[in-house]
Amino acid sequence: EVHFTGIDPDARALAFARSRATSPNIKFFQTDSGDVLKAGQAFDVVISNHVLHHLQNDEVYALCKDSEQLAKKLAIHNDLRRSSLAYVNYAATQLLFWNSYATRDGLCSIRRSFTKSELQSVVPNQWRVEPMIPYRNLLIYEKQ
């Protein structure tokens with residue numbers, strides 16, 4: 001049996017996620033990784049998506065340290081990778097989706113995202129960055 005726990009400090013994101021939950025095995029809480037860790041929780045796998053570019057370097061490091069303790073096996077943080085291709089695709093989305101939130105937020109997200117080397121320089125040594133096509137970074141920690 002599989003159970004999923006999702007967290008987000010933003011009530012709007014939480015409301016959206018809860019509206020999509022289709023199983024009693026999926027739970028969402030308004031909190032952050034530090035509070036989950038303080039509560040003594042642990043999970044087989046810890047995953048985040050599009051979080052890192054919202055954080056400062058020290059916050060990325062802190063998230064990694066929390067994730068190391070929360071994950072029994074594996075932690076993966078997926079995020080944007082700043083690149084010329086990302087900017088080109090952003091320009092194309094403005095033409096197609098000119099009035100969407102993603103278009104308004106996109107340029108800021110790309111500018112704040114990390115290159116592979118920038119991300120690797122701010123995380124603990126046990127973490128590795130794997131660039132993914134077209135413009136993503138996977139930040140990976142495997143429990144030894």
Side-chain angles (χ1 to χ4, degrees), residues 1-83 85-87 89-94 96-116 118-144:
E1 191 171 0
V2 177
H3 294 268
F4 297 91
T5 300
I7 66 168
D8 200 299
D10 187 319
R12 296 167 300 172
L14 200 61
F16 177 79
R18 285 180 174 154
S19 75
R20 300 292 196 262
T22 58
S23 166
N25 291 351
I26 302 172
K27 307 275 189 220
F28 294 99
F29 301 95
Q30 187 172 354
T31 190
D32 62 34
S33 63
D35 288 338
V36 173
L37 187 59
K38 288 176 194 168
Q41 297 290 310
F43 306 91
D44 291 331
V45 179
V46 171
I47 299 170
S48 78
N49 189 43
H50 290 196
V51 171
L52 301 178
H53 69 271
H54 294 286
L55 306 176
Q56 300 298 318
N57 291 357
D58 60 329
E59 294 170 316
V60 171
Y61 188 90
L63 175 62
C64 288
K65 296 310 279 183
D66 287 353
S67 298
E68 288 174 20
Q69 294 179 63
L70 289 169
K72 295 177 188 174
K73 298 178 182 179
L74 176 70
I76 301 173
H77 298 292
N78 176 48
D79 206 66
L80 299 171
R81 178 171 34 97
R82 192 173 64 252
S83 69
L85 181 58
Y87 283 114
N89 283 340
Y90 167 78
T93 62
Q94 284 204 320
L96 298 172
F97 306 105
W98 64 274
N99 198 27
S100 79
Y101 174 78
T103 299
R104 290 189 301 275
D105 183 58
L107 187 57
C108 178
S109 295
I110 294 167
R111 285 181 178 155
R112 290 189 51 132
S113 64
F114 295 89
T115 65
K116 177 187 177 190
E118 289 169 343
L119 185 55
Q120 192 68 66
S121 74
V122 300
V123 301
N125 290 335
Q126 314 86 296
W127 289 78
R128 72 179 188 277
V129 178
E130 292 187 12
M132 303 295 288
I133 295 173
Y135 40 85
R136 301 264 182 235
N137 278 324
L138 288 185
L139 181 57
I140 302 169
Y141 170 79
E142 294 178 83
K143 197 79 141 193
Q144 301 299 326

Original post:
Which value, rounded to the nearest 0.5 Å, describes the distance between Phe4 atom CZ and Lys27 atom NZ?
Top reply: 13.0 Å
Original post:
Do any N or O atoms from the side chain of Arg81 and from the backbone of Pro131 form a donor-acceptor pair under 3.5 angstrom?
Top reply: no
Original post:
Would a 4.5 Å heavy-atom cut-off, applied to side chains only, mark Val60 and Phe114 as touching?
Top reply: yes
Subject >> Distance-only donor-acceptor check, side chains Gln120 and Trp127, under 3.5 Å >> reply: no
Original post:
Measuring from Asn25:CG to Glu1:CD, what's the distance to the nearest 0.5 Å?
Top reply: 5.0 Å
**OP:** Determine the minimum heavy-atom distance between His50 and His54, stating which atoms define it.
**Re:** O-CD2, 3.2 Å
Original post:
At their closest point, which heavy atom of Phe28 faces which heavy atom of Ala21, and how far apart are they?
Top reply: CE1-CB, 3.8 Å
**OP:** List in chain and number order the residues that pass side chain to side chain donor-acceptor pair (under 3.5 Å) with Ser113, two or more places apart in sequence or in another chain; answer none if no residue qualifies.
**Re:** none
Subject >> For Leu139, the option from Ile76, Val51, Leu52 that meets side chain to side chain contact (heavy atoms under 4.5 Å, CB included) >> reply: Leu52
Original post:
Out of Val46, Asp32, Val36, Leu37, which one pairs with Asp66 under the side chain to side chain contact (heavy atoms under 4.5 Å, CB included) rule?
Top reply: Leu37
**OP:** Side-chain contact test, heavy atoms from C-beta onward, threshold under 4.5 Å: evaluate it for Ile47 versus His77 and give yes or no.
**Re:** no
Original post:
Which distance, rounded to the nearest 0.5 Å, do you find between the CZ of Arg82 and the CG of Leu119?
Top reply: 11.0 Å
Subject >> Which atom of Asp10 lies closest to which atom of Asp8, heavy atoms considered >> reply: N-OD1, 2.8 Å
Subject >> Val122 side chain near Tyr61 side chain, heavy-atom distance below 4.5 Å >> reply: no
Subject >> Check: Gln30 side chain, Pro9 main-chain N or O, donor-acceptor pair, under 3.5 Å >> reply: yes
**OP:** Starting from the C-alpha separation in whole Å, work towards a yes-or-no answer on side chain to side chain contact (heavy atoms under 4.5 Å, CB included) for Thr5 and Phe29.
**Re:** CA-CA 8 Å; Thr5 300; Phe29 301 95; 3.8 Å; yes
Subject >> Distance-only side-chain donor-acceptor flag, Asn137 / Asp79, under 3.5 Å >> reply: no
Original post:
Is the shortest side-chain N to carboxylate O distance from Glu118 to Lys116 below 4.0 Å?
Top reply: no
**OP:** Report the distance from atom NZ of Lys65 to atom OG of Ser33, rounding to the nearest 0.5 Å.
**Re:** 13.0 Å
Subject >> Steps toward side chain to side chain contact (heavy atoms under 4.5 Å, CB included) verdict (Arg18, Phe16) >> reply: CA-CA 6 Å; Arg18 285 180 174 154; Phe16 177 79; over 6 Å; no
Subject >> Distance in Å, His3 NE2 paired with Ser23 OG, rounded so as to fall on 0.5 Å steps >> reply: 8.5 Å
**OP:** Work out which heavy atom in Ser109 is nearest to a heavy atom in Leu80; give both atom names and the distance.
**Re:** CB-CD1, 3.6 Å
Subject >> Lys143 atom NZ: more than 12 heavy-atom contacts under 6.0 Å >> reply: yes
**OP:** Examine distances only and state if a side-chain atom of Glu130 and a backbone atom of Arg128 form a donor-acceptor pair shorter than 3.5 Å.
**Re:** no
